[in-house]
Each structure stands twice: as C-alpha cells, then as structure tokens.
Amino acid sequence: MVDRQRKTEMESDAEVSKELKRKKRVKLLVYAIAFAIFQTIVILVFSLTVMRIKNPKFRVPSITVEDLRAAATNPPSFNIKLNAQVAVKNTNFGHFKFENTTISFDYGGVGVGDALVARGRSKARSTKKMNVAVELNSNNIPNNSSLQSEIESGVLELTCHSKLNGKLQLMKLIKKKISAEMRCAMVVNLVTRTVQDIKCQ
C-alpha cells in the first residue's frame, strides 16, 4: 500500500516536472519570437531612416550686389559684382563630401559669368553655407537681344545653374556617390541695386 502511494507520488511529481519543462520551453519560444519581431522592427526602421539616402539640396538663398554698372546705350551693357550665399542642405545621417563646382549665370540663355564653389563637407543632417563672389558682364550678349529694353525698365532677369557631385559616408562603412542639381531664377533691380525674387528648384 505504501509502495503504491509512493509510486503514485513519484508519477505525480514527474508529471509536474514535465509540465514545468513544457511551460519553460513555451516561454522561451515566446521570448525568441518577440525578440525576432523586435529585431525586424529595428532593422526596418533603421533601413527606412538612417540607411535611406537622399540627394542633398543645392541652393542660392540670398545674393547681395557689391557693384553695379548698367547702360542702355547702343550697344547696351552691364557689369555687376555679386556676393552669393550658397547652401548645401544634407538631410542624410552621414557626411556629404562634395567636389569643386561652378555656378553658371545666364541672361537669355547666354553665359554672363561663373562663380567657383570650393570643395567642402556638409555634416550629417545639417546645412553648409558658403559665400562666393561672381562678376557678371554682357560681353557675350548679342545686340539683337532685349537687353536694352530691360535696362531701361530697371530690371534684369537672370538664371543660374550648377551640379554638385560628391560622396555620402554612412557610419564610416558605406560610401555612395550622390549629386545635387540647382536651377535658379532671379531679378536684379538696377534702381535699388538688389537681387530679388530668387526662386530655386
């Protein structure tokens, strides 16, 4: 009778031990699945934010006139010295190192001057601002253009364009070549000697 009771108790203990082990295995499996889901979410968020590479924005937010001479004579002419602020906006999580480039200024599709932008670096998620000098003149503009009438009206419509090439570096491991293009339109007010309505894309 006693032996049978002991045997029953031992069987009961074994069943309890098996149940405890089963619950422990289930708990470990749940933890493993939860950890795997968490890792997947972290990797997904990381790839959609940190690893998502965008081209920087290259703009001319402001331009000041240093010197201006314009005459509506025959032929009409102008000579303008400008100080342009150039901005390279980098929204990526890595540094953007860019090479030397040139901003070309045009009047009616004709080149009137170039500004040199020296190579540099825009830090992660920041905007690099630089000042560049440029001298514009009407030497290459043909006589049959509308330059004379524009000078008489007191305004000159100009455009500028450029392309900035460089490399983006993420976590000192990934390097990728990216670039930014700029096209801007502006109005030079010959009366107030200011550059107005700068619109870039």
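Hydrogens, waters and symmetry mates play no part in the numbers below; they use all other heavy atoms, side chains included.
No side-chain donor-acceptor contact under 3.5 Å links E181 to the backbone of L164. A donor-acceptor distance shorter than 3.5 angstrom exists from the side chain of N100 to the backbone of R119, with no hydrogens or angles considered. Side-chain atoms of Y107 do not come within 3.5 Å of backbone N or O of N137 as any donor-acceptor pair.
Alongside V155, the hydrophobic cluster contains V187 (criterion: ILVMFWY side chains under 4.5 Å).
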*Report the C-alpha distance between M182 and I103 in whole Å, list the side-chain angles of each, state the deciding distance to 0.1 Å, and finish with yes or no for side chain to side chain contact (heavy atoms under 4.5 Å, CB included).*
CA-CA 9 Å; M182 172 184 66; I103 302 175; 3.7 Å; yes
*Mind running side chain to side chain contact (heavy atoms under 4.5 Å, CB included) on L82 and V188 for me, showing each step along the way?*
CA-CA 10 Å; L82 303 175; V188 180; 5.6 Å; no
_Full working for side chain to side chain contact (heavy atoms under 4.5 Å, CB included) between L158 and L136_ = CA-CA 10 Å; L158 302 177; L136 312 179; 3.6 Å; yes
_Between Q169 and I174, does the side chain to side chain contact (heavy atoms under 4.5 Å, CB included) criterion hold? Intermediate values first, please._
CA-CA 6 Å; Q169 184 172 333; I174 301 171; over 6 Å; no
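Note that OG of S122 and NZ of K129 are 11.5 Å apart. Values are rounded to the nearest 0.5 Å. Summarising the geometry, atom CG belonging to N189 is positioned 9.5 Å from atom CG belonging to L156; distances are rounded to the nearest 0.5 Å. Remark: K97 NZ to K123 NZ distance equals 12.5 Å, nearest 0.5 Å. Here K177 contributes atom NZ and K167 contributes atom NZ; the two are 5.5 Å apart, rounded to the nearest 0.5 Å. Within the model, atoms CG of L170 and NZ of K175 stand 11.5 Å from one another, a figure rounded to the nearest 0.5 Å.
Applying the disulfide (SG to SG under 2.5 Å) rule to pairs touching residues 104-196 yields C184-C200, sequence neighbours excluded.
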Show the atom names and distances, to 0.1 Å, of all donor-acceptor pairs under 3.5 Å that link a side chain in residues 59-76 to residues at least two apart or in another chain.
{"from": "T64", "atom 1": "OG1", "to": "N83", "atom 2": "O", "distance (Å)": "3.3"}
{"from": "T73", "atom 1": "OG1", "to": "P75", "atom 2": "O", "distance (Å)": "3.0"}

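Here the side chains of P56 and T91 are not in contact, with every heavy-atom distance at 4.5 Å or above. Annotation: side chain of F78 is in contact with side chain of I141 (closest heavy-atom distance under 4.5 Å). Side-chain atoms of V88 and K57, non-hydrogen and from C-beta on, never get closer than 4.5 Å to each other. At least one side-chain heavy atom of L190 sits under 4.5 Å from a side-chain heavy atom of I151. In this structure, F105 and M186 have side chains that are in contact, with non-hydrogen atoms separated by less than 4.5 Å. Considering only heavy atoms from C-beta on, M130 comes within 4.5 Å of K128 through its side chain. Taking 4.5 Å as the limit, every side-chain heavy atom of T159 sits out of range of all side-chain heavy atoms of R183. Annotation: side chain of L147 is in contact with side chain of S138 (closest heavy-atom distance under 4.5 Å).
Figure legend: cation-pi geometry between R121 and F96 absent, as NZ or CZ is not positioned both under 6.0 Å from the six-membered ring centre and within 45° of its axis.
Contact between T101 and S162 at its shortest, heavy atoms only, is OG1-OG, 3.4 Å. Smallest separation of non-hydrogen atoms from N140 and G111: ND2-O, 3.6 Å. For the residue pair A87 and T127, the shortest heavy atom distance occurs at CB-CG2, 3.9 Å.
More than 12 heavy-atom neighbours from other residues, nucleotides or ligands sit within 6.0 angstrom of CD on Q85.
L116 and F98 fall into different hydrophobic clusters, where Ile, Leu, Val, Met, Phe, Trp and Tyr side chains are chained together by heavy-atom contacts under 4.5 Å.
Across I80, N79, V112, a single residue satisfies side-chain contact (heavy atoms from CB on, under 4.5 Å) together with E135, and that is N79.
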